[in-house]
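This report refers to the structure that appears directly beneath it.
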Amino acid sequence: MPQPRSAGDRFIGLPAPVLAVIYVVLTAGPVLLASVTGGPRGSTVFSLLARAGGVAALSMFLMQFVTSGRFETISGRIGLDRTMGFHRLAAVGTLGMVGLHVILFLFRAGESGVTAMADRLLAYFLRPDLLTGVIATLLAVILIVTGKYMRGRVLPYQGWRVGHGAMAVALVLLGLHHAFTNARFMADPLGAAALLFIALVALASLFVVYVLRPVHAFSSGFTVTSARSLSPSIAELVLTTDAPERFSFAAGQFVWLTIGRRHTVTDNPFSIASAPSDLPQLRFLIRDAGDMSGSVSSIAPGTRVGVDGPHGSFTLREAGNGPIVLLAGGIGIAPVLSLVRALAATDDRRPVRLIAGARSAADHVARKEIEDAMAGHDFRAIFLADMDDDSGCEKGTCDAGHLNRILEDLDRRAITAFVCGPRAMMESAIGLLVQAGVPAAHIVMERFDFDGGDDVVCRIVRRRFISVIALVYGATLAVALVAALIR
């Protein structure tokens, strides 16, 4: 039977519906408050809607600092990977609100032709008093384009991250200047106060991320115990702390690591491969991804390491009381190993099934450890390798035949499936699980692209994201229209 939850497995954070309500209130709230005492009087309907859209857009941009801040104590129940997915999708929604702000100003009674609107748009771009707003809009476009298409590819991750943060700060400062020097909608002191309050929240989040977090990350006292290569593409990093009471986690979670005496802006996320019972040691399996991860095996013992976390909801607290199915591809075996070690450490007797894929048998670095840990349990596993050899691995990738073999004696409606690996592998695995009869609501993933993934779980999550953003749009436009009717 499942064992009691440990301290590291506690529920933290607010429920998703509460987070959604808070977001809508903080983004659409300034528009509502700005309409209370008639600040927008004298405006046409279109210009009033445009001003409301501008205020909402600025509020949404300010909230981007909060949704990207890794505040696990607030959003821990939904998982940081979902929070980051919402952050990226909300950026697109915010840019759309900016677009409404600009386009609606182009409409005027009796002058709605395309030529007149184009002339008006050009005039807006050339007006000195609108310069800060124009620059802020251009920065918004650059932030979204570079974040979606260049991060980690054209631009190195660390360099992009620093530049992204600097441009975001510049954007909101320019946006605030534009709002308080041009937006007559903010003539209402309540709306102005609300916007300033959200700006203070954003500023506080920056203070936490860039000042407090570096101190906290190194306060756990972790140093490198060992670093070695386990295969041509996978390294093992083991950390130890002399203050284990300062850090706890749930099996399956991840942390951001800062190697050496550097600011945490240079950190990288890695899944924990050890179990909570292994503390004061933390163990990581790290694949060479062509960046700093390729030099892990050369890190000297004794090197200080900042540990920011734990984060993530890829944990046993997401599981029901039924069987557990683990599907891992490549380095996705790291959090799966953590789950297996925790199940073994607590003598959890639920049926456990595993399908693990890798490029070669040599990359199945955790195979023997997993088989040893689950000896005596109701456990079966299939290990797959892309290349054929004599290692006992089956050749190929996970298909319906593999899945049906390990599920044949299980109640599929009672299964909780944990899936981690490359994007294509996860999307294929989720499709196979759903076809096999595992409910989509029982599938747990660890991924940072919920906003773009093409599988049933990502689509469900993305619809919820879009619903929240649609509520902001609806509330903003409804408030502005009511204000227009009673002005």
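For clarity, every value in this text was computed on a predicted model and none was experimentally measured.
- Checked for salt-bridge contact, D278 and R341 meet the test: a charged N lies under 4.0 Å from a carboxylate O.
- The backbone N or O of A250 lies less than 3.5 Å from a partner atom in the side chain of Q253, making a donor-acceptor pair.
- With sequence neighbours excluded, no residue satisfies salt bridge (charged side-chain N to carboxylate O under 4.0 Å, His left out) with D242.
- Counting only residues at least two apart or on different chains, no side chain to side chain donor-acceptor pair (under 3.5 Å) pair has a member in residues 213-222.
- Applying the 6.0 Å contact sphere to CZ of R423 captures more than 12 heavy atoms from other residues, nucleotides or ligands.
- Scanning all heavy atoms of the two residues, the minimum distance from M84 to S68 falls at SD-CA, 4.1 Å.
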Acceptor/donor pairs from residues 132-148 side chains to any protein atom, 3.5 angstrom cut, sequence neighbours excluded:
unit_1: T132; atom_1: OG1; unit_2: H177; atom_2: ND1; d: 3.1
unit_1: T137; atom_1: OG1; unit_2: G133; atom_2: O; d: 2.9
unit_1: T146; atom_1: OG1; unit_2: I142; atom_2: O; d: 2.7
unit_1: T146; atom_1: OG1; unit_2: L143; atom_2: O; d: 3.2

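- Shown here are the ring pair (Phe, Tyr, Trp, His ring centres under 6.0 Å) partners of F86, two or more places apart in sequence or in another chain: Y23, F465.
- Remark: R459 pairs with D454, V456, R462, R463 by the side-chain contact (heavy atoms from CB on, under 4.5 Å) rule, at least two apart or across chains.
- No side-chain heavy atom of L282 sits less than 4.5 Å from a side-chain heavy atom of F270.
- Listed by chain and number, the residues in a ring pair (Phe, Tyr, Trp, His ring centres under 6.0 Å) with F418 are F314 (sequence neighbours excluded).
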When the side chains of residues 474-486 are checked against the rest of the protein, which donor-acceptor pairs come out under 3.5 Å, sequence neighbours left out?
unit_1: T476; atom_1: OG1; unit_2: V472; atom_2: O; d: 2.8

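- A pairwise comparison of heavy atoms in T266 and H263 identifies OG1-O, 2.8 Å as the closest pair.
- Of the possible polar contacts, none joining the S338 side chain to the A251 backbone as a donor-acceptor pair under 3.5 Å is found.
- The backbone N or O of I299 lies less than 3.5 Å from no partner atom in the side chain of T303, so there is not a single donor-acceptor pair.
- Judged purely by atom type and a 3.5 angstrom limit, H101 has no side-chain atom pairing as donor or acceptor with the backbone of G53.
- Under a cut-off of 6.0 angstrom, the local environment of OH in Y473 is crowded, with over 12 non-hydrogen atoms contributed by other residues, nucleotides or ligands.
- For F218, the ring pair (Phe, Tyr, Trp, His ring centres under 6.0 Å) test picks out no residue, with sequence neighbours left out.
- By the salt bridge (charged side-chain N to carboxylate O under 4.0 Å, His left out) test, R161 is found to be paired with D267, residues two or more places apart in sequence or in another chain being considered.
- When all heavy atoms are compared, the tightest approach of G93 to I469 is CA-CG2, 4.2 Å.
- When atom types are taken as modelled, the side chain of S428 and the backbone of M425 share no donor-acceptor pair closer than 3.5 angstrom.
- Residues passing the ring pair (Phe, Tyr, Trp, His ring centres under 6.0 Å) test with H87, sequence neighbours excluded: none.
- Under the rule for a salt bridge (charged side-chain N to carboxylate O under 4.0 Å, His left out), the partners of D455 that lie at least two apart in sequence or sit in another chain are R447.
- By the 30° and 60° cut-offs, the orientation of the rings of F254 relative to H311 is tilted.
- A tilted orientation is assigned to the rings of F249 and F247, their planes being inclined by 30° to 60°.
- Residues passing the side-chain hydrogen bond (donor to acceptor under 3.5 Å, both in side chains) test with D81, sequence neighbours excluded: none.
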